[in-house]
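To start, the structure under review is shown below, and the notes come after it.
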There are 2 protein chains.
Amino acid sequence: MPEILRWHAQLSGAGVRATRKRVQVLEVLIAEPRPITARQLHAELLNRGEPIGLTTVYRAVSSLVDAGLVHAFTQAGEATYRVCGPTRHHHLICRSCGLVLEQTAEPRTDGFEVEAVYGVCAPCARRALPEQQRDQPHRPRP
Amino acid sequence: MPEILRWHAQLSGAGVRATRKRVQVLEVLIAEPRPITARQLHAELLNRGEPIGLTTVYRAVSSLVDAGLVHAFTQAGEATYRVCGPTRHHHLICRSCGLVLEQTAEPRTDGFEVEAVYGVCAPCARRALPEQQRDQPHRPRP
DNA sequence: CGCAGCTTGACAATGGTTTTCGTTTTCTAC
DNA sequence: GTAGAAAACGAAAACCATTGTCAAGCTGCG
Ligand SMILES: [Zn+2]
Ligand SMILES: [Zn+2]
Ligand SMILES: [Zn+2]
Ligand SMILES: [Zn+2]
């Protein structure tokens, strides 16, 4: 099934109309490999010459999340958004570089349904110095 | 080593003085099995008849996190805090009931250094209805 | 005592997100 | 196409957790 058809089907299936603005927001998200914030989304749309309000961007990503096309994360204290595939998965999210990997394997640690795993990816871990690693072990907003 | 001594040692080791207010904040956190927010911490201290400013609570938890006594999480869009053991570990955090489990095993998925795993714990997963599960898969702020 | 430096807290500022409310667009029925 | 209803849009204001400011209080040391 072509992706464009899946998007349309999922939107209407969730009772969300495929309006011009929502499609524009979705197009920016499709072009971005990493999660981006609502403000970045807004700036990119203005760059493309598409006038849109920041409020509308927030409502658009909310609709896209409701429809299951987009997944939301929390990075450095703010919400970020990225398009995701239709199959059940969870995420590995690097708090250093922002990389997000979709994982289809089910870890099922202690009967836990995993949704998101926050940590440091291998390249960032190699780059980090040992004392920095021990400095701020689990602070959510560095 | 008794815990009280470890706390004192870790505080001075991090250059953090064991002030009256900081100890009061730590005492509330020790009594709480689940992570709580700065505002809850503040309210509990006022309940106990300990006058303290909210700003001071924020600075106290920040110091305690710096000293490694307390770990910080993000739950429902706001920071929460809980005392943690001294051994290296990561966490399983249920986004439904707020339960936090310390995990000492290293999953090392794809060379990833795991810090926090967000998901739904087994009891909450059983309680949830199927359609609810699919509704909001990864929204950080429900 | 007297100073220096850390701590405290009332208040203001910040900044991401949501609400409000009036206007505009889109859908449906005729 | 036209009208009327429903949904979407956007500017501004409200919201709220968190942080900055700065003056007053406390602590340890000479
Ligand atoms: Zn996803
Ligand atoms: Zn990384
Ligand atoms: Zn911990
Ligand atoms: Zn739970």
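Chain letters run A, B, ... following the sequence lines, proteins first, then strands; residues in each count from 1. In this text, all values refer to a predicted model and were calculated from it rather than measured experimentally.
- Straight-line distance from the CZ atom of A:Arg39 to the C1' atom of C:dG15: 8 Å, rounded to whole Å.
- The distance between atom NE2 of B:His42 and atom C1' of D:dC16, rounded to the nearest whole Å, is 16 Å.
- Contact between the side-chain N/O atoms of B:Lys21 and the OP1/OP2 oxygens of C:dG9 is found at a separation under 4.0 Å.
- Atom-to-atom distance recorded for B:His71:NE2 and B:His91:NE2 is 5.5 Å, nearest 0.5 angstrom.
- When all heavy atoms of A:Cys124 and A:Cys94 are compared, the pair lying nearest together is SG-SG, 3.8 Å.
- The salt bridge (charged side-chain N to carboxylate O under 4.0 Å, His left out) search around B:Arg34 returns none, not counting sequence neighbours.
- Side-chain N/O atoms of A:Arg20 include none lying less than 4.0 angstrom from OP1 or OP2 on C:dT25.
- Within the 4.0 angstrom heavy-atom criterion, only backbone atoms of the sugar-phosphate kind lie near A:Arg22; the bases stay farther away.
- Side chain of B:Tyr58, nearest nucleotide from C:dT17, D:dC9, D:dT19: D:dT19.
- Looking only at side-chain heavy atoms (C-beta outward), A:Arg22 and A:Arg17 come within less than 4.5 Å of each other.
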Please report, to 0.1 Å, the donor-acceptor pairs under 3.5 Å made by any side chain of residues 99-107 of chain A, with sequence neighbours excluded.
from	atom 1	to	atom 2	distance (Å)
A:Glu102	OE2	A:Arg82	NH2	3.2
A:Glu102	OE2	A:Gly85	N	3.3

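- Distance CG (A:Asp66) to P (D:dA7): 15 Å, rounded to an integer number of Å.
- A:Thr55 comes within contact range of at least one nucleobase, with a heavy-atom separation under 4.0 Å.
- Between the side chain of B:Arg59 and the base of C:dG9, at least one donor-acceptor pair of N or O atoms lies under 3.5 Å.
- The OG1 atom of A:Thr56 sits 5.0 Å away from atom CZ of A:Arg59, with the distance rounded to the nearest 0.5 Å.
- As a whole-Å value, the separation of B:Leu41 CG from D:dT18 P is 12 Å.
- Contacts of B:Arg17 with the nucleic acid, taken as non-hydrogen atoms under 4.0 Å apart, involve only primed sugar atoms and P, OP1 or OP2.
- For B:Thr37, no side-chain nitrogen or oxygen approaches OP1 or OP2 of D:dA17 to under 4.0 Å.
- Between A:Leu46 and A:His42, the closest side-chain pair of non-hydrogen atoms falls below 4.5 Å.
- A straight line from CD1 of A:Ile52 to C1' of D:dG10 spans 10 Å, rounded to a whole angstrom.
- If one axis is set at each end of the helix from C:dC1-D:dG30 to C:dC30-D:dG1 from five pairs, those axes are 20° apart, to 10°.
- The nearest whole Å value for the distance from the CG atom in B:Leu54 to the P atom in D:dT21 is 18 Å.
- Rounded to an integer number of Å, the gap from A:Glu78 CD to C:dG15 P is 11 Å.
- A sub-4.0 Å separation between OP1 or OP2 of D:dG10 and a side-chain N or O of A:Thr56 is present.
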